[in-house]
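Below is one structure, written out as structure tokens; the observations come after it.
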Amino acid sequence: METQTIAGTALETLFVNQQRTALRIKKSAASERIARIVRLKDVITDHFDLMLQAEFDDYKKPAGESKLALGSIFDEIDVAVAFLESWMKPKMATTPEALGGDAVISKIIFEPKGVCLFITPWNYPFLLTFRPLIACLAAGNTAIIKPSELTPHSSALIKKIISLVFPEDEVVVIEGGAEVASDLLDLPFDHIHYTGGSRVGKIIMKAAANHLSSVTLELGGKSPAVIDDSADFADAAGKIAWGKYFNCGQTCIAPDYVLVSENRKDYFMNTMKATIDSMYGPDGPGVDSLLYSRLVNAHHYRRVKNLLEDALENGASVVTGGTVDDSDNYISPTLLDNVNSDHAIMKEEIFGPVLPVLTYRTLDEAIDYINQGERPLGLYVFGKDNAAIQAVIDGTTAGGSVVNHVAMHYMSPFLPFGGIGNSGMGRSHGHYGFVDFSNQRPVLEM
Ligand code: NAD
């Protein structure tokens with residue numbers, strides 16, 4: 001198998017070749033970098049249907065969901081192509097009088113970091129590989145990519161697409177699991193871009209420390225959706241159900257759980273149940289459905305099923321859903337009532353199609369609850385009362401927030417995307433991604 005032959009010397013040779021190339025493309029003009037990005041776009045476009053098929057083959061991801069997510073790759077490319085020339089221009093700065101004032105030029109140049117490592121996850125294999133890669137290429141770097149071993153059809157196609165666009169000394173894909181990732185982490189990368197769970201994120205950061213490689217960590221966590229009493233409940237229910245059950249709940253920015261006031265809980269539950277039943281049918285999509293993903297593998301299926309069973313054994317109840325099928329890693333869209341903070345399901349990121357609803361007496365209580373946990377990747381607040389919305393935003397810290405929707409901040413190439421604390425560090429997308437993959441080097445011309 002390739003993963004065995006690639007270890008050790010072969011990896012080092014690849015790395016050294018990329019270091020050499022990195023020095024060359026460091027000097028590349030915007031037009032050359034754009035040409036590389038457009039070549040990638042063309043090959044992605046040619047392979048689009050195969051990408052949909054690969055994601056389906058990996059865990060029955062429906063084509064409609066794949067298409068929607070993959071659209072962000074093209075938005076990212078278009079923005080990089082349109083703005084790269086201006087991003088690359090040196091940024092002029094004020095020179096203090098003590099250093100010569102207006103007679104002296106102060107500027108910041110954006111130079112590529114060098115050789116970058118990508119370790120990417122399975123839940124959106126193409127999107128979460130290609131989207132950050134565009135920023136990396138825009139900034140003038142080379143890259144070694146290790147996609148997830150859990151989605152082998154997608155990983156093989158990522159490797160093929162990359163090999164059709166780039167020579168190995170510019171961008172190369174190395175397939176394999178944790179062992180291969182570990183071999184790669186022994187190399188002195190100039191930057192590491194990791195997307196995945198927080199547990200492995202800590203391993204990556206420790207390994208990066210050996211070489212003092214800079215890191216971008218796109219991690220996960222429990223992203224709450226807070227419903228203020230002033231919210232349009234039907235609208236909130238539709239958006240939460242969409243964001244939660246898309247990709248079978250395996251989205252880093254999906255709402256993990258809901259906080260609603262005690263007074264309005266019954267109304268919220270009824271609205272949510274009616275919404276879910278109308279989206280998927282009262283018995284759920286069914287194990288034969290081609291319009292609903294499965295859990296990625298038996299391990300993750302069992303993990304989510306165990307969280308569900310533990311909650312039910314400890315007093316939680318199913319409002320709708322709760323159907324499981326071991327033969328196909330299938331869990332239907334599930335809404336849970338009577339969950340409390342001691343349940344295992346509230347102690348880890350669910351990453352599956354089970355939505356617990358918890359109640360609060362006052363909005364401050366909801367804010368305190370969120371602040372007792374790790375800082376979330378996404379925090380969503382629904383309401384029409386601006387003061388209430390502002391109180392939730394001001395009272396909490398999160399990687400990103402959306403008011404009256406979920407997850408949509410990911411779609412914009414004009415907003416920085418990323419986490420804080422346990423949900424990650426560094427910023428991706430558009431100009432922010434370009435800066436993340438650049439060394440902001442001050443030059444003082446005296
Ligand atoms: P994961 O951490 O299990 O795996 C991600 C990658 O890390 C894979 O390529 C895997 O091979 C590699 N890996 C696994 N063990 C390793 C080790 N010991 N050393 C080095 N590399 C190792 O994550 P996952 O299960 O693929 O993804 C799910 C998690 O990712 C969730 O927590 C989710 O919230 C998060 N996520 C975050 C974002 C984001 O943009 N912030 C996006 C998608 C997923």
Side-chain angles (χ1 to χ4, degrees), residues 18 21-22 24-26 28-56 61 63-88 110 112 116 118 120-121 123-147 151 153-173 191 193 195 216 218 410-417 427-438:
Q18 285 219 354
T21 303
R24 176 172 55 78
I25 59 175
K26 179 178 190 295
S28 54
S31 57
E32 293 166 69
R33 297 184 192 182
I34 287 171
R36 295 166 86 204
I37 293 170
V38 170
R39 269 202 332 266
L40 177 62
K41 179 182 183 178
D42 291 344
V43 177
I44 290 175
T45 306
D46 289 346
H47 288 75
F48 197 76
D49 288 343
L50 290 175
M51 287 161 59
L52 303 183
Q53 187 63 46
E55 290 196 337
F56 180 82
K61 191 187 289 217
E65 291 191 359
S66 288
K67 273 187 202 163
L68 187 62
L70 293 174
S72 300
I73 299 175
F74 296 105
D75 295 341
E76 189 76 15
I77 289 174
D78 292 345
V79 165
V81 168
F83 294 106
L84 183 56
E85 204 164 323
S86 69
W87 294 347
M88 285 173 68
F110 297 91
C116 301
F118 286 82
T120 64
N123 61 333
Y124 294 90
F126 296 104
L127 173 63
L128 296 177
T129 300
F130 292 140
R131 193 166 179 185
L133 179 64
I134 290 151
C136 173
L137 297 171
N141 299 285
T142 66
I144 297 181
I145 300 166
K146 198 214 72 65
T151 38
H153 296 92
S154 299
S155 294
L157 188 55
I158 290 169
K159 187 178 170 100
K160 181 180 171 203
I161 289 172
I162 291 296
S163 70
L164 288 171
V165 183
F166 301 102
E168 285 192 345
D169 61 338
E170 283 190 26
V171 185
V172 68
V173 173
H191 187 75
H193 190 286
T195 307
T216 305
E218 297 285 6
Y410 179 84
M411 310 297 270
S412 172
F414 301 108
L415 285 175
F417 179 81
R427 286 293 177 265
S428 298
H429 296 176
H431 184 236
Y432 303 94
F434 169 82
V435 171
D436 215 46
F437 281 102
S438 300

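The shortest distance between side-chain heavy atoms of H429 and P413 does not fall below 4.5 Å. Between F48 and F74 there is a side-chain heavy-atom pair separated by less than 4.5 Å. Side chains of W87 and L84 form a contact here, defined as non-hydrogen atoms less than 4.5 Å apart. The shortest side-chain heavy-atom distance between F166 and V172 does not fall under the 4.5 Å cut-off. In this structure, P125 and I158 have side chains that are in contact, with non-hydrogen atoms separated by less than 4.5 Å. In this structure, Y124 and K61 have side chains that are in contact, with non-hydrogen atoms separated by less than 4.5 Å. No side-chain heavy atom of V43 sits less than 4.5 Å from a side-chain heavy atom of I162. With contacts defined as side-chain heavy-atom distances shorter than 4.5 Å, the pair T142/C116 does not qualify.
Checking R39, R36, K160 one by one against V165, the side chain to side chain contact (heavy atoms under 4.5 Å, CB included) holds for a single residue, R39.
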Problem - Intermediate values then yes/no, side-chain contact (heavy atoms from CB on, under 4.5 Å), H193 and C136 - result: CA-CA 10 Å; H193 190 286; C136 173; over 6 Å; no

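The residues D78 and K41 are annotated as salt-bridged, a charged nitrogen and a carboxylate oxygen being separated by less than 4.0 angstrom.
Between E218 and S428, the side chains place a donor N or O and an acceptor N or O closer than 3.5 Å (distance only, hydrogens not considered). Between the side chains of S66 and E55, a donor-acceptor pair is found at a separation under 3.5 Å.
Relative orientation of the H431 and F110 rings is perpendicular, given thresholds of 30° and 60° on the angle between their planes. Using a 30° and 60° split on the angle between ring planes, F437 and H191 fall in the perpendicular class, above 60°.
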